[in-house]
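This report refers to the structure that appears directly beneath it.
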2 protein chains.
Amino acid sequence: MKILIIEDEEEIRESIASYMQTEKYVCEFADTLNIAIDKIVTHDYDCILLDLMLPDGNGLKVLEKIRALNKQDGVIIISANGSLEDKIKGLNIGADDYLAKPFHLSELNARIYSVVRRKKFDSKNLMYYNELEINLQFKVVKVKGKEVLLTRKEFDLLLFLVGSKDMVVSKNAIAEHLSGDMADMMDNIDFVYAHAKNLKKKLTEAGCNNYIKTVYGVGYKFQV
Amino acid sequence: MKILIIEDEEEIRESIASYMQTEKYVCEFADTLNIAIDKIVTHDYDCILLDLMLPDGNGLKVLEKIRALNKQDGVIIISANGSLEDKIKGLNIGADDYLAKPFHLSELNARIYSVVRRKKFDSKNLMYYNELEINLQFKVVKVKGKEVLLTRKEFDLLLFLVGSKDMVVSKNAIAEHLSGDMADMMDNIDFVYAHAKNLKKKLTEAGCNNYIKTVYGVGYKFQV
DNA sequence: CTTCTATAATGAGGATTTTCATACCTGTAA
DNA sequence: TTACAGGTATGAAAATCCTCATTATAGAAG
């Protein structure tokens, strides 16, 4: 995954960079508006981290440029002053997320994941994970080219986990998502176990690797 | 129902007012920021219609005042320029809905209904319609004090219809709501008929008047 | 008023979802 | 290591939901 970090403060840039490298992201940098725009015009990034306060102008210009070029790069705005106005303006012009300084690097990481994932979902109707194929449009799942008949809830669950690929999804989140209910405390979430079991079973029986991992005490995780 | 109309253009004010009177709402008016704030401080309204362009300042100040006073009045912003920025800012500061000029009065009316209803839902856990009692908190329905056992979908349907009391809800809207699915064209909405039938049956068998009316060719309506 | 067509109601059967009881597993602490 | 507690898996039963074929009804047209 390729990330562009647009940020003029050396210190922040470095700390983000070092963290990103442990996550095995490829990072590039820009510390001015002009360098940033140069890079954006000539490259595609999975995600762009954009500080709004730059020495040669407001970072929103970068955002405008990206959208004007009709680029699909995900953009997360990083703002020091945390002003609501910037946030609104940013999300409006087309940022995908917004993060106010200071933030935890793990939080940033989670946002990047989620933005990149969302982008992929939006643009693609088909997803492949080795022998596993998920067709969003027709709501069909295939393993090794052969269709696996999933029930609606099973499909929903799979998609929900895939949507947070490599991240653990709590049982409660799953319960809420599947039942469509509010954040009420669920009195019983056994149905999550049941659907997880059935989904796993159908996939493995079709010859799919065990991509759905149980995370003891927390929930489940989709990981290729 | 008491409505406050904050609008400086005489013509618009009158047309809204006359329509609202046919709907049997009680209307009050304010044509400046100062009058508006005076009224808001001293009265409670079910719904406030707020034009942003006022002679003595931006209407968002009214909104800020309402929220600062921790008032529960519903607020619908009416804006001439239809700028997205105003919309977002407004909804963010705490408006409940937003309507760009020009609009149909029936549309406005529907929005008022929906805002007022939503507010009521938010604050109330219990709703009574004569012999019918709906407990949001425990998701229980009683008729003449006796519990009626509804399935989840039946309860959902009832709530959805009650939430748009006196307005017709299309079968498609119901189908989407019940299935939790996106705006995909449903290939089959027979299940709406089924749930509607079962819900009606359970209620009438429990001795509840037929508050759920079928609107031929459109959908259903909850009406006391 | 009668007929016609589209829409809605109905009942039953099959599919799915949820619950429940029980067995199994994981991590923790003695 | 072993026992323990809390968490998870499982199969089967119960409840619910969806589909389908059929019947009934509403509104339109003649």
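The basis for the numbers below is simple: all heavy atoms, side chains too, and nothing from hydrogens, waters or symmetry mates. Keep in mind the model is a prediction, meaning the values are calculated, not measured. Within every chain, numbering begins at 1; the chains are lettered A, B, ... in the order of the sequence lines, protein sequences first and strands thereafter.
- Per the geometry, CZ belonging to F191(B) stands 13 Å off P belonging to dT17(C), to the nearest Å.
- Going from atom NZ of K221(A) over to atom C1' of dT8(D) covers 17 Å, rounded to whole Å.
- The neighbour count for K2(A) NZ, taken as heavy atoms of other residues, nucleotides or ligands under 6.0 Å away, is above 12.
- Residue K146(B) qualifies as open at atom NZ: its count of foreign heavy atoms under 6.0 Å is 12 or below.
- Looking at which nucleotide of DNA chain D each of D190(A) and L149(B) is closest to, the 5′-most match is held by D190(A).
- With distances taken from any side-chain atom of K153(A) to the nucleotides dT8(D), dA9(C), dT18(C), the minimum falls on dT18(C).
- Residues T214(B) and A194(A) each lie close to DNA chain C; by heavy-atom proximity, the contact nearer the 5' end of the strand is made by T214(B).
- In the set dG7(D), dT17(C), dA9(C), the nucleotide with an atom closest to the side chain of T151(A) is dT17(C).
- Between K202(B) atom NZ and dT10(C) atom P there is a gap of 15 Å when expressed in whole angstrom units.
- Counting only heavy atoms from C-beta on, N188(A) has its side chain closest to dC20(C) among dC20(C), dA9(D), dT18(C).
- Judged by distance alone with a 3.5 Å cut-off, a donor-acceptor contact links the side chain of K197(B) to the base of dG11(C).
- Checking dT19(C), dT8(D), dC18(D) against the side-chain heavy atoms of H195(B) singles out dC18(D) as nearest.
- Distance CZ (F155(B)) to P (dT16(D)): 14 Å, rounded to an integer number of Å.
- Between R13(A) and E10(A) there is a salt bridge, with a side-chain nitrogen of the basic residue lying less than 4.0 Å from a carboxylate oxygen of the acidic one.
- Taking the side chain of Y193(A) as heavy atoms from C-beta on, and the options dT17(C), dT8(D), dC17(D), the nearest nucleotide is dT8(D).
- Between K201(A) and E154(B), the one whose closest nucleotide on DNA chain D sits nearer the 5' end is K201(A).
- Across all strands shown, V192(A) has no heavy atoms under 4.0 Å from either base or sugar-phosphate atoms.
- At a threshold of 4.5 Å between non-hydrogen side-chain atoms, the residues L132(B) and N209(B) do not count as touching.
- Counting atom types as modelled, Y216(B) pairs no side-chain N or O with a base atom of dA8(C) as donor and acceptor under 3.5 Å.
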